[in-house]
Structure formats: structure tokens, C-alpha cells
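Treat the numbers as computed from the prediction; the structure is a model and nothing was measured. Counting starts at 1 for both ligands and their atoms, following the listed order.
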Amino acid sequence: MSDKHNDDKPAGKPAVNKGRRSFLAGSAMVGAAGMVGVTGVAGVGALTRSQPAKAASNGNVADIHVPPGELDEYYGFWSGGHNGEVRVYGVPSMREIMRIPVFNHCSATGWGMTDESKRIMGDSHRFTNGDAHHPHVSYTDGSHDGRYLFINDKANTRVARIRLDVFKTDKMVTVPNVQAIHGLRLQKVPRTNYVFANGEYMIPQPNDGRDINDPSKYHTLWNAIDAETMEVKWQVMVDGNLDNMDADYTGKYAAATCYNSEGAVDLAGKMRADRDWVTVFSIERIEQAVAEGNYMTIGDSDVPVVDGRKASGLNVTRYVPVPKNPHGLNTSTDGKYFIAAGKLSPTVSMIEIAKLDDLFEGKLDDERDVIAAEPEIGLGPLHTTYDGRGNAYTTVFIDSQVVKWNMEDAVRNYNGEDVEYIRQKLDVHYQPGHNHATLAESKDADGKWLFSLNKFSKDRYLPVGPLHPENDQMIDISGDEMVLVHDTPTFAEPHDAVIVRRDQIQTKQIWERDDPYFAETIAMAEADGVNVETDNKIIRDGNKVRVYMTSVAPNFGITEIPVKQGNEVTVVVTNLDRIEDLTHGFCVVDHGVSMEISPMQTASITFTADKPGVFWYYCNWFCHALHMEMVGRLLVEPA
Ligand code: K7E
Ligand code: CUA
Ligand code: CA
């Protein structure tokens, strides 16, 4: 891709569109008339739109065309939502390159079935579902370093790490003392040593059956996970709940939105207060409290929990009041602001990070003194992204738009100057959640492409029955005006995405034999006196049978596995083909056993041979002209 896609843009100043609907005056009105209407009768907002759906697309399709054989400029990592996986796209072509199973189980790769994946998933392997929202690529000095991608699981309170040299999940932790990990962000500076994660829902502490009928005793925690070991290092107990969050570009602060300062357990209660807050965390002060032993532990967990509630007096947190029920929180890529989206308020709140030292040192009269501006954006602001040129782009769910606005003009306007800060409002289709621009979670934001991740696709695709895909729309933001250029349908449900330059990711195209991913399996082989690269051997150990075999297209090293009914059989396959892209599979018919073995990989899977008879096993990744013949027999003698 070149930059020439700018050339045929209309010149001149873009028209400022204040919106099809006039702003409602108070946030309570917005709550009652807007958000609740849409959530109460989902999709009605979209269905009653008067604007023709086709009118907005005036893009040049050639701009995003990556010719066959050419490579994309960016990797886009898309969350797979309640599908539990991560999907990898080439940007700008939006060709889906890979899917990385994480919190789900995968029929093709064997994730959730193989012994290696079960070890990584730990006890939580029993869950076959997940709800992934927030994928983020690790940093060094505020730039993506391509080592890891981290992602949350709201459904089963987990955080996982993906190695970006092999695009495989390699660590997973279930966070104790909290329920539903939602907001997740990484330390950006000096590098990603911490993964920060919000526990969204408030629960009794400990949650062992006590206080179930006393919501006033429910609390949640903000969590810091060691990015290398993936152990929870410490937690911070807060007032209210925690929704979305981000970290700053100094390494000192992080901030999270709270929509339930009321501590309510019902919908009306969560909207009762006129204001909720943004909780600001001082990472240094929390670390100091932990170092000084100024913490508690909860239940069986030995993770240090620092009390960050207002009444604790520890001064590790501050609560900045913002209009009711905020949602997204995104650090501007110039490092100046935490920007919290108002959701039930048509505003976003800009928190000036340079003022946070004074806030914690007690030099400000009021928490609200850190607010640099609170511009009106539109109805239902949810998330904000950046172009690196001083502009922010906020999704407005109810108005179904992406709103481009200028941050410094918003500050000037807030300070009484008569300047317009809204640059453009672009219709999207329909009801956007997150949006995300290229490199826009790093200091390298380049303002080329923006994606609006829309919750409803309604009429944009061929009908497929009652369940619709989501619609991720690609917008060219390189010029003065945003131009919609492409629709990509996506399956349930990308909340968020992260887009990095292709040179920021360095992959291995075949496995290295000493890779830790299968080191435990190799250790098991060595304990059995087996060299997996040279030996084809069956080890019998009481009721257990361990089968070690190689695969070289189109042959398995062992083609007959005699066992007794009831044996627990572990099959370890080592793919000795050194050729890029030559993956074998191992699938036992009628046993629910299937896995991938990529070049120079060792993979293993364990199952019970519970039925007598002959069962064919076969290679299920097409590898060779004689792939169909790459088979063997499991011979199960009746007990
Ligand atoms: Cu807005 Cu989970 Cu980031 Cu969905 S959250 S949209
Ligand atoms: Cu080996 Cu197909
Ligand atoms: Ca609230």
C-alpha cells in the first residue's frame, strides 16, 4: 500500500454536522429517552433510521485492494467476543489470516483437547466458553514490541497471553477474588511488566456464601498481573465497580470507569446517581503499600490486596466524578489525557494526566480540577480512538456515528473560547461499540485507517436468518474527511481490536525443537526413554498406554496401536517435516480426538479407548498427494 490513496479526496474544509438529532439537555433525559429505549427494544434505533443505508459509502474500493500475492501493511487482532478466540486480519485488505483459539475449544487445532492446551488452561479447561473483549499488544517505551498479546475473558474471569512469535496462547490465569474480568490494558512505559485488569462485578469478599443478601458488603478489585509469569501480583479494593480502563504513557497512572458507584444490584439503582466516577490508580503508591506490607488477603488467596476505597486513607486511588454511567476509557496517544466516554451523557470527560501528581499530593481543591474539558459529542458515546494529529474519534451508539473532534479545540471551548471542536460526524451501520485506528494504542498512531465495530448489521449483508453478523466498517481517516471504504461482517462478537505494523511482529514459520510450548511432553518422553525425533514406540504402564510416533508426509511412524478396552491412551506425534506450511493432523474416528501438528512440533492428546473394535486414525490436515492414505488403526481388544 502507498499513501497515494489520499490524492483523489475532495479538497477543502469538511462540513460540520452537529447531528441529525439535537442533543438532549440532561443526562437523565438521555438515559430515559435514548439508551434505555435502545436497550429495552434492541435494534429499534437501527430499524427506524430514516437515512438510506447505501448513501454513506462513497469510498474508493481500489484504495483497500491488496493484489493477490502482495502482503498487507498491518496486522489487525480482533477479539472474538463470546466466541472466545482472537482473529487475525491483514489490514487494509481485511483478509482473515488466522484464528487463535483462547478461551474456546477448537475442533481444528485441538485447543482444549491436547495435553499441551489443557496444561495451559489449567482448571478452567472444563469451561468450553469464554467472552473475550480486549486484545492488546505488549509495549516497550510506548511502542508495540510484538512479544505478546493479552486478552480478557469476562465469562470465566480469566486473562490469557498469546505468543506473537507462534500465534499460540501460552499462558492463562483465573483471577481470584473477582468476577468477570472486563477492562484490560497493559503497562506501556518503560515496558509491559504489568497487565492491568478490571473485575467488573461487585461480590462479597470472600465470596464463600457470606453476605449474599447484603450488597452493601460487595466489592470488586483492580488487578495487576505479571506479564512474564502471568501470576497475579496484587489487587486493589475499590468503591463502586470497574468497567473499562487504560494506562498512561508515564508508567505512573491508570484509570478505570465506574458505572455503578451506587453499588446497586438492579438496573434502576445503577442509574440513580447523577454522577459516577473515573477511578485513578497511582501504581507507585500501590507498589509502595505492597512493599510496606500495608495490605490484606482474602479467603484462600495469598495475593496482596491493597485497600483503595475512599475511606481507607491510603491515598492509592482517587475518584474523579464524571457524568453518570461512563463506559470506554482511552488514553490519548499524545499522552495528555484519559478520555472517558459518557454513555448516558452526550459528553466525554478529558482528564489531564499532568495534573494527577497534584491530585494525589492534595494540591487541588476538588477532584474535578483535573477535568481539562467535557465536550458534547453525540448520543451514547462509548469509545474513543486517535489519529496522532490531535484529533479524537468517538463512537456514539445511539446516533450510530463516528464523531471526529479536535482535542485542543475542545479544551479551548471548555475554557470559554468560541471555537468549534467537532470536525465531522460520519454515519456507521449500525450502533458502534469500540472503534480503533491504526497504531492508536501506541505513541506511533499514524491516522490512516479507522474501524468502527458495529453491533448491528441489519440490512448490510445477505440475510442469514435471525442471528446477524456484526459489521466492522473501515474508514479512511488519512485526509481531512473520514470516508467509509469497506464493510467486513464478523461473527459474535468483536468488542475491540488492535492494529500494529507488520514489521512489529516477527514470527517463526516452523517450530523450534526446544520450544517451551511442548517441553513438558518432551520431558515425559525422556522419562520413558524415548527420543521423539527418532523413536516410534509404544510404552505400556499399567492401564496407561503412551504412543510416541513421528509423522513425515505421507506416513505416521506407527500404523497399528494395539490396546485393551479401558486403557487411557496418550498419543504423542512429532512432525519431522521441516517444510513451511506442512502441517499434519491426528484424528481418531468416533473418539472426539483431533489435533494439529505443525512443522517440527510435538503435540499430544489423551483419551480413553472405551469401545472394543477397530478404529481408524487419520491425518486431517491436507499434507501430500497421498494425504488420504496417511492413516493407521487403533486395535481395541475387549476387556
Ligand atoms: Cu465497550 Cu467490553 Cu470494551 Cu464491548 S466493551 S463495546
Ligand atoms: Cu499428513 Cu495429511
Ligand atoms: Ca451509575
Q: Using only heavy-atom distances, determine whether the side chains of W222 and N198 contain a donor-acceptor pair under 3.5 Å.
A: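 Yes, N198 and W222 have a side-chain donor paired with an acceptor closer than 3.5 Å.
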Q: For atom 2 (Cu) of ligand 1, find the closest N/O/S atom belonging to H182 and write down its atom name.
A: NE2
Q: For residues N471 and S457, is any side-chain donor paired with an opposing acceptor at under 3.5 Å?
A: no
Q: Verify the distance test for H134 against atom 3 (Cu) of ligand 1: any N/O/S atom under 2.8 Å, yes or no.
A: yes
Q: To which protein heavy atom is atom 6 (S) of ligand 1 closest, and what is the distance rounded to 0.1 Å?
A: K455 NZ, 3.4 Å
Q: Is H434 close enough that one of its N/O/S atoms sits under 2.8 Å from atom 3 (Cu) of ligand 1?
A: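 Coordinating: yes.
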Q: By atom name, which N, O or S atom belonging to H133 lies closest to atom 2 (Cu) of ligand 1?
A: ND1
Q: Could K310 and Y319 be counted as a cation-pi pair, given that NZ or CZ must be under 6.0 Å from the ring centre and within 45° of the axis?
A: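 Yes.
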Q: Would Q431 and N454 count as a side-chain hydrogen bond (donor to acceptor under 3.5 Å, both in side chains) if you check the C-alpha gap in whole Å, the side-chain angles of each, and the deciding distance to 0.1 Å?
A: CA-CA 5 Å; Q431 267 75 39; N454 306 318; over 6 Å; no
Q: Looking at Y75, Y139, Y74, F77, which hits ring-ring contact (aromatic ring centres under 6.0 Å, His included) with H144?
A: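 Of all the options given, the one that passes is Y139.
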Q: Have W78 and D472 got a donor and an acceptor in their side chains that come within less than 3.5 Å?
A: yes
Q: Which is it for H383 and ligand 1 at heavy atoms under 4.0 Å: side chain, backbone, both or neither?
A: side chain
Q: Please state whether the separation between atom 2 (Cu) of ligand 1 and some N/O/S atom of H495 is under 2.8 Å?
A: no
Q: Please work out whether any backbone atom (N, CA, C, O) or any side-chain heavy atom from C-beta onward of N244 is under 4.0 Å from ligand 1, and answer side chain, backbone, both or neither.
A: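 It is the side chain that gets close, since no backbone atom is under 4.0 Å.
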Q: Just by distance, with hydrogens left out, do H327 and D243 show a side-chain donor and acceptor under 3.5 Å apart?
A: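 The answer is yes; a qualifying pair exists.
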Q: Under 4.0 Å from a heavy atom of H327: give me the atoms of ligand 1 that qualify, with their elements.
A: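 The atoms of ligand 1 under 4.0 Å from a heavy atom of H327 are 1 (Cu), 5 (S).
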